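Here the structure is laid out as structure tokens; the discussion comes afterwards.
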Amino acid sequence: MSKTDIGKAPANSNFIHEIIDRDLASGRYGKRVHTRFPPEPNGYLHIGHAKSIVLNFTTAVKYGGKCNLRFDDTNPEKEASEYIDSIIEDVKWLGFDWEDRLFYASDYFNKFYRYALKLIEEGKAYVDSSTPEEISRMRGTPTSPGIESSYRDRTPEENLALFEKMKNGEFNEGECVLRAKIDMKSPNLNLRDPVMYRIKKVPHPRTGNTWCIYPMYDWAHGLEDSIENITHSLCTLEFENHRPLYNWFLDQLPDIPHPRQIEFARLNLTYTVMSKRKLLKLVEEGYVSGWDDPRMPTISGLRRRGYTPSAIRKFCERIGVSKTESTIDFALLEYVLRDELNRTAQRRMAVLNPLKVTITNYPEGKEEWLDAENNPEDSSAGVRKIPFSGVLYIEQDDFLEEPPKKYFRLAPGREVRLKHAYFITCNNVIKGENGQVKELLCTYDPATRGGEAPDGRKVRGTIHWVSARHAVKTQVRLYNSLFTRENPLETEEGKDFTDYINNESLVTLKNCRIEPSLSEAKGGENYQFLRKGYFCLDNRDTNPGYPVFNRTVALRDTWARIRTNRNP
RNA sequence: UGGGACGUCGGCAAGAGGUAAGCCACCGGUUUUUGGUACCGGCAUUUCGCAGGUUCGAAUCCUGCCGUCCCAGCCA
């Protein structure tokens, strides 16, 4: 799907769209649909966020509406502009356009403040001078009601004065908070006089030292939505319990728009973790090289790994939107990716674990340049020339001295096709001191140039190769799942998710050989290394003369499956 | 001894009283100069968490159970 297709094809309906359909029919929001993606800039975006981004933006497109990008920057302790920059980059990279609607909750701090004043004046909010511990204790538990603070009955005048002092920095952090006066006996803990403002004498990335009181999520979020005239505020399931509070705050301000909050299930994927806290731990404790480590489920990690924005979008549309907590099989993500790359990625030949092959009957010093199609799925991709000579490398896996049944590749006395080149037959095996295969002596059939035998004889196996003299030495990184468990959070006694990190999640091969055309590979482009998988240049670690490739995803490997099924 | 939500194939997910879509995974097979791709076939019928009930007819409606998740931040 190209960027211009966004929102045109998807539109698999879901329960949220049904709600919107009804709102549209009833004219509830003036026939408008306006959504928003509201990240907190306290970490990097991951594929779970992509689900929300895709949902919000494509929903807007489907209904001819708009979608804002809004930073929910209400907690300067955790937030940083580094994160703002990365989030902007990632949403853009995913292919979405918020036009001129990039907003920040912090831009509304003044409005929030004035609305708070209004609630105080109406006796609906009060300054509580209890300690955090007292407030926590008085909140009660899920099964027992809370008790009212002794400060709950302060007069509006008193509260106004106190709140003013809070704003002016006349109190220390933790000395007091502004609370909504709702119901300490509510079975919903969120309604037990929730905190609206707390004191934080911390500079804010955007407002600097202007404020030392910062609004809490519940107080801020509905107002942000209302100020931006959002119609449908989509969020994840854990905010379901907050919806009554979202509505309560807006009900106290009857003159401003009141969006509808709808909750959906967040994305979980097998063999990875998705919480910012856990991803941060992986980064900080060095389990991965950074937020953009290609093993990370972050947008930046997937990008570096070679995932395309369109594959991520397609994936997000495929998984559906519901309220059922679910875990998507990572294989589905890989399927969607392969499905795209198969159609778009040019083919190249690369030998990951080289085994030398000498063609004994090939004229000394001769070389020839053969035609190779760039993509059998797309003839417009054209052809390229690849060099052939008397000394080649093939994959170590593609030769077996004692081949098992159904093994179609090279073996002593056996003939195979070198893709795009010739049939070769293995005559001799040269071994090293430890008995390891060092080199193969083969003969080629000059009549099979291009890979077809004029006498019509067939070979079962076709393998890839590179010309030793022409090949470029390179590093290839094979990535596997970050964890060995489908659900790394399901831990045994005394263990945590980091105990299940897959020590084969990164396998670095330093002696690979690629066909010469690959030395012109560009970052951000995907190539299929024939019979191996899809790879892309690692822009960060590539050195002049020594390219580094990341394996984006392997090809399906039926032979590997046969093997494991045979001896499990 | 609370409140809010959710239970349809191994994983997602349609389904809205008329007799269980689709996709991934998995298993067979065909084609193939990639053991890739493509294509064909199989994969929920005493079956929709369980048990009752209503109905000519129930995954859909009613009742009661069971299971899972969320909530006691001055995080979002």
Side-chain angles (χ1 to χ4, degrees), chain A residues 12-14 18 38-40 42 72 74-75 77-79 128 130-132 135-137 139-146 173-179 185-192 194-200 213-214 216-218 220-221 235-244 263 265 270 276-277 318-336 338-339 342-343 347 349 372-373 376-377 406-409 417-421 423 448 450-452 458-464 486 528-533 554-562 565:
Chain A
N12 345 7
S13 199
N14 57 54
E18 286 169 14
E40 183 191 13
N42 68 342
D72 212 351
T74 57
N75 185 356
E77 243 161 49
K78 295 188 172 178
E79 297 153 9
D128 193 335
S130 306
T131 65
I135 289 180
S136 172
R137 198 172 337 111
R139 185 154 27 233
T141 71
T143 51
S144 62
E173 287 187 18
E175 248 187 279
C176 51
V177 291
L178 182 72
R179 289 230 256 173
K185 294 191 294 295
S186 171
N188 182 338
L189 290 286
N190 294 121
L191 263 16
R192 319 243 262 228
V195 172
M196 296 166 65
Y197 278 96
R198 75 292 214 186
I199 298 167
K200 277 185 194 294
I213 55 171
Y214 291 95
M216 296 287 288
Y217 168 85
D218 287 303
H221 206 88
C235 63
T236 44
L237 250 29
E238 67 269 28
F239 292 103
E240 211 154 20
N241 294 329
H242 295 245
R243 184 167 11 110
E263 311 84 16
T270 55
K276 282 188 198 170
R277 213 201 93 246
R318 277 247 193 159
I319 56 178
V321 179
S322 74
K323 299 193 70 159
T324 315
E325 298 203 45
S326 59
T327 302
I328 308 290
D329 196 337
F330 203 92
L332 178 61
L333 215 208
E334 297 192 323
Y335 169 82
V336 172
R338 285 195 196 102
D339 187 49
N342 175 50
R343 282 178 275 109
R347 307 301 109 136
M349 292 207 282
E373 62 183 346
E377 307 294 322
K406 298 274 183 78
Y407 182 83
F408 304 144
R409 282 110 98 148
R417 173 190 293 113
L418 294 180
K419 178 81 177 175
H420 300 132
F423 286 9
T448 56
E452 211 101 42
K458 303 284 182 200
V459 287
R460 276 313 290 273
T462 299
I463 64 175
H464 59 98
E486 266 197 27
Q528 185 194 105
F529 289 2
L530 229 58
R531 303 206 302 135
K532 284 293 163 189
L555 250 28
R556 276 180 64 197
D557 189 346
T558 306
W559 171 240
R561 190 174 305 132
I562 291 169
N565 284 358

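Please read all numbers here as calculations on a predicted model, not as lab measurements. Chain identifiers are assigned alphabetically (A, B, ...) following the order of the sequence lines, protein sequences preceding nucleic acid strands; residue numbering begins at 1 within each chain.
Counting atom types as modelled, A/Glu486 pairs no side-chain N or O with a base atom of B/G11 as donor and acceptor under 3.5 Å. One donor-acceptor pair, N or O on each side, does fall under 3.5 Å between the base of B/G35 and the side chain of A/Arg409. A/Gln528 contributes a side-chain N or O that forms a donor-acceptor pair with the base of B/U34 under 3.5 Å. For A/Glu18 and B/A16, a side-chain-to-base donor-acceptor distance below 3.5 Å is present, hydrogens and geometry of angles not being considered.
Pairing of B/A25, defined by two Watson-Crick or G-U wobble distances under 3.5 Å, is not identified with any nucleotide. In this structure, B/U34 makes no Watson-Crick or G-U wobble pair, since no nucleotide meets both defining distances under 3.5 angstrom. For B/A44, there is no paired base (Watson-Crick or G-U wobble, both distances below 3.5 Å). When Watson-Crick and G-U wobble pairs are counted only if both distances are under 3.5 Å, B/C50 pairs with B/G64. Nucleotide B/A20: unpaired (no Watson-Crick or G-U wobble partner with both distances less than 3.5 Å). In a base pair of the Watson-Crick type (N1 to N3 plus N6-O4 or O6-N4) or a G-U wobble (N1-O2 and O6-N3), with each distance short of 3.5 Å, B/G2 is matched with B/C71. If you check B/A14 for Watson-Crick or wobble pairing at under 3.5 angstrom, you find it has no partner at all.
With hydrogens and angles left out, the side-chain atoms of A/Asp128 and A/Ser130 include a donor and acceptor closer than 3.5 Å.
Between the side chain of A/Thr462 and the main chain of A/Arg417, no donor-acceptor pair closer than 3.5 Å is present.
Contact detail for A/Leu530 and A/Arg347: the closest heavy-atom pair is CD1-CB, 3.5 Å.
With both ends at atom C1', the span from B/G3 to B/A44 equals 35 Å, rounded to whole Å. On the P atoms, B/G42 is 15 Å away from B/C24, given to the nearest whole Å. The same atom, P, is picked in B/G10 and in B/C26; the two are 15 Å apart, to the nearest Å. Nucleotides B/G2 and B/G18 are separated by 42 Å at their C1' atoms, to the nearest Å. Across B/G15 and B/U1, the matching P atoms stand 39 Å from one another, rounded to whole Å. With C1' as the reference atom, B/C12 and B/C66 are 24 Å apart, rounded to whole Å.
Side-chain contact between A/Lys406 and A/Trp559 is present, with at least one heavy-atom pair separated by less than 4.5 Å.
Anti is the classification of B/G67, since its glycosidic angle lies more than 90° from 0.
Here A/Thr558 reaches the OP1 or OP2 of B/G36: one of its side-chain N or O atoms lies under 4.0 Å away. Using a 4.0 Å cut-off, some side-chain N or O of A/Arg531 falls inside it from OP1 or OP2 of B/G35. Contact annotation: A/Thr324 does not reach the phosphate of B/C6 (side-chain N/O to OP1 or OP2, under 4.0 Å).
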Can you give me the N/O atom pairs linking the protein to nucleotides 71-75 of chain B at distances under 3.5 Å, or say none if there are none?
from: B/C71; atom 1: O4'; to: A/Asn241; atom 2: ND2; distance (Å): 3.3
from: B/G73; atom 1: OP2; to: A/Ser136; atom 2: OG; distance (Å): 3.4
from: B/C74; atom 1: OP1; to: A/Arg139; atom 2: NH2; distance (Å): 2.9
from: B/C74; atom 1: OP2; to: A/Arg139; atom 2: NH1; distance (Å): 3.2
from: B/C74; atom 1: OP2; to: A/Arg139; atom 2: NH2; distance (Å): 3.4
from: B/C74; atom 1: N4; to: A/Ser130; atom 2: O; distance (Å): 3.3
from: B/C74; atom 1: N4; to: A/Pro132; atom 2: N; distance (Å): 3.2
from: B/C74; atom 1: N4; to: A/Gly174; atom 2: O; distance (Å): 2.9
from: B/C75; atom 1: OP2; to: A/Arg198; atom 2: NE; distance (Å): 2.9
from: B/C75; atom 1: OP2; to: A/Arg198; atom 2: NH2; distance (Å): 2.7
from: B/C75; atom 1: OP2; to: A/Lys200; atom 2: NZ; distance (Å): 3.3
from: B/C75; atom 1: O3'; to: A/Arg198; atom 2: NH2; distance (Å): 3.0
from: B/C75; atom 1: O2'; to: A/Asn75; atom 2: ND2; distance (Å): 3.1

List every contact pair, protein side and nucleotides 20-22 of chain B side both N or O, where the distance is under 3.5 Å.
none

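Among the heavy atoms of the strands lying under 4.0 Å from A/Arg556 are primed sugar atoms or P, OP1, OP2 only; no base atom is included.
If you take CD1 on A/Ile328 and CG on A/Leu333, they are separated by 9.5 Å, rounding to the nearest 0.5 Å.
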